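These notes concern the structure reproduced below.
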Amino acid sequence: EKKKPQSESMLCQYLRLSWRTHHLFKTPLSRQLTRAPYVEKRSYPTDLYQDFVKPEEPKWAPTFPSRFPPTSPESLKDSGWEKGATRTGAIGVKMGMIALWDSWGVRHPCTVVKFDNLQVLQVKTNFSKMGLVGLQLGCGQKNWNRVNKSARGQFEKAGVPYKSHVKEFLVSPNAVLPVGTPITVRHFVPGQYVDIQGTTIGKGFQGTIKRWGFKRQAKTHGVTKAHRKAGSQGATGPSRVFPGKKMAGRMGGKNKTILSLKVFKIDTKLNVLYVKGHIPGNKGGFVHIRDAFYKPHKDPPPYPTFFPDPYEKYLPVLYAPDRLDDPFIENLEIRDIPAGLL
Amino acid sequence: MLDRHDMITRRKHIDIPEFYVGSVMAVTINDPNATGRSSRFVGICIQRMNRGLKSNFTLRNVLDYQGMEIMYEMYCPVISSIETLRLEKRLDPHLLYLRDARPEYSTFPMDMEPELIAEDAPVPINDVKVKMIDGDWDKSWERQELKGIDLSGLTELQKRMALKRKTPDYVQYDLMKEYRSTLPEEDQEDIYREIAPHYPALVASQRKFRRRKLAGDA
């Protein structure tokens, strides 16, 4: 055990022994002397309790109905959906891009996202964040000899075939689903907006021009070996480079969210979504899909998820409703917009 | 696979006839802002791009001394009909040089009637050598290997430059270029297997369109 110094002079000597290794410490000597000694503090009195006891948190017990009602336009009003409720997201696989035309003749480039064996694995109600509760989903397929022992236990407990990708979504306690329920493409409504998260394509180690959009220097006029270099790294005054300075490094391979993408078409036989625009990641990559945060539903969606009515026939392919005004006319006075839309 | 499926479903609703670069065609569109909700355009096909779902072709015509080119996407649902009024081929893969040619080679009457050919007859090839305008051309057509241009009015400098840019002879021995231009047989068989279930429906719809056309003419 080190002897604690009793006076300031002894403290200085004590610290100066570490001066030889000063380059390993970031704080300068002056700041070490002025810093207060470390004292362990807790907000609750530690003398009374020998072992730390967590304060009691409210426990959410999932209340599953005995029979889930089928989702038809009449039953959607009684499903328990409110305007602020969050329902589950979904995990999809990016398949590629295709173009769709609407009835006005406008061409929309869309990505195709497939739902591959999507099932609920776990319901986590022992915590609540912002009043929301956890629902774990699994997607994809995996060989039994490739699955971890710990993951194997997770899937066997749920009674579900092995999945390759698992993700947890925060969900309002109203929208909790029993373990094993499949989530199909009809969970989403054509015409709604959606937020999509995925890992971007990895570009490897890239320079500042590609990574941060720096401008390259002149190709001629005397520039010596610095055509694609970053140039200056800061001003003279601070005499240092600020942390977070944009420099060359690994680009891509990160998690990114794209907000408010429109769902144009749903194919229930192939279990496929057509989403307008671009999605992060490569073909075959997993993406997390949720209802858009900034463009919420106006009409009640299938809540908590879509359950088919055995006595009703559904169309295999669903399209988003077209816009009512002509997109090729710019002058608003000429456009034939029905009253109540503007 | 999905775009092939979309192309097949579109072909069941509309008849896309046989046509080549150089054939005169008429296309009618559903245009909500036009009188009678449809507009018809007649023109010579100067370019054809086969790109799957976004395959397109451009038609050129000269109306009121103004040259006009319109690009149509073959599988766009706005198109209501495509007809070939004159089926023929030209010597070049594209006819973009008609922009710098004399206007008589690009003018076609809007109420042109279809010229019928026997079904078994081979497609006629037009050997026309198009005469160009005297002024500046948009592109140096003499440098591209185009067989349908009349190059008698060139200056000596232009002739020398034309010989410079000629593609070398060894390009004909490029095996990879030939390989890349076609699909291998195994992949072709996969595609035919995909299309096979839809083939009877496609043939039936083509017969239906032909019957409607003949009934309309008669």
Side-chain angles (χ1 to χ4, degrees), chain A residues 92-116 185 190 263-279 283-284 315-338, chain B residues 1-16 26-41 47-59 68-82 183 187 190-191 193-195 197-198 201:
Chain A
V93 179
K94 178 177 169 176
M95 300 309 295
M97 291 198 74
I98 200 176
L100 287 179
W101 281 279
D102 63 10
S103 51
W104 290 106
V106 182
R107 188 167 172 274
H108 301 280
C110 301
T111 42
V112 176
V113 177
K114 187 175 92 167
F115 285 28
D116 188 13
V185 141
V263 172
F264 253 89
K265 182 175 162 184
I266 283 175
D267 195 333
T268 47
K269 274 194 179 172
L270 300 169
N271 225 16
V272 140
L273 266 184
Y274 289 66
V275 175
K276 178 174 176 178
H278 305 273
I279 282 176
K283 289 176 201 168
L315 292 167
V317 177
L318 302 166
Y319 291 91
D322 289 318
R323 54 189 292 181
L324 295 164
D325 56 338
D326 195 333
F328 295 109
I329 293 182
E330 287 176 4
N331 202 340
L332 274 171
E333 288 162 1
I334 298 172
R335 268 201 237 172
D336 241 351
I337 303 169
Chain B
M1 192 203 105
L2 281 173
D3 52 1
R4 229 172 277 135
H5 186 259
D6 286 346
M7 284 151 77
I8 287 166
T9 44
R10 182 66 194 152
R11 286 208 176 221
K12 286 178 188 169
H13 296 293
I14 193 178
D15 178 37
I16 299 174
V27 172
T28 48
I29 293 174
N30 296 328
D31 191 5
N33 301 307
T35 52
R37 306 272 184 234
S38 68
S39 63
R40 183 179 143 108
F41 187 75
Q47 199 180 44
R48 182 175 183 177
M49 318 252 277
N50 292 321
R51 306 274 186 271
L53 238 197
K54 51 184 176 180
S55 313
N56 57 54
F57 58 93
T58 36
L59 300 184
M68 254 176 84
E69 284 177 20
I70 305 183
M71 188 198 86
Y72 294 102
E73 294 191 328
M74 270 153 60
Y75 299 102
C76 183
V78 163
I79 293 175
S80 67
S81 83
I82 305 173
L183 203 64
D187 295 347
D190 289 339
I191 294 170
R193 232 176 282 138
E194 243 184 75
I195 296 170
H198 302 283

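Residue numbering restarts at 1 for every chain, and letters A, B, ... go by the order of the sequence lines. Quick caveat: nothing in here was measured; it's all calculated off a predicted structure.
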message: With rounding to the nearest 0.5 angstrom, report the CD1 to CD1 distance, B/Ile70 to B/Ile29.
response: 6.5 Å
query: What closest approach, in Å, do A/Pro190 and A/Leu318 show between heavy atoms, and which atom pair accounts for it?
result: CG-CB, 3.8 Å
query: Are B/Leu183 and B/Ile191 side-chain neighbours, meaning at least one heavy-atom pair lies under 4.5 Å?
result: yes
query: Under 4.5 Å between any side-chain heavy atoms of A/Val317 and A/Ile266, yes or no?
result: no
task: Report the distance from atom CD1 of B/Ile16 to atom CD1 of B/Ile79, rounding to the nearest 0.5 Å.
output: 7.5 Å
- prompt: CD1 of B/Ile8 to CD1 of B/Ile195: how many Å apart, nearest 0.5 Å?
  reply: 5.0 Å
Short of 3.5 Å, which donor-acceptor contacts do chain A and chain B share? List atoms and distances.
{"from": "A/Trp101", "atom 1": "NE1", "to": "B/Glu73", "atom 2": "OE1", "distance (Å)": "3.4"}
{"from": "A/Asp326", "atom 1": "OD2", "to": "B/Asn33", "atom 2": "ND2", "distance (Å)": "3.1"}

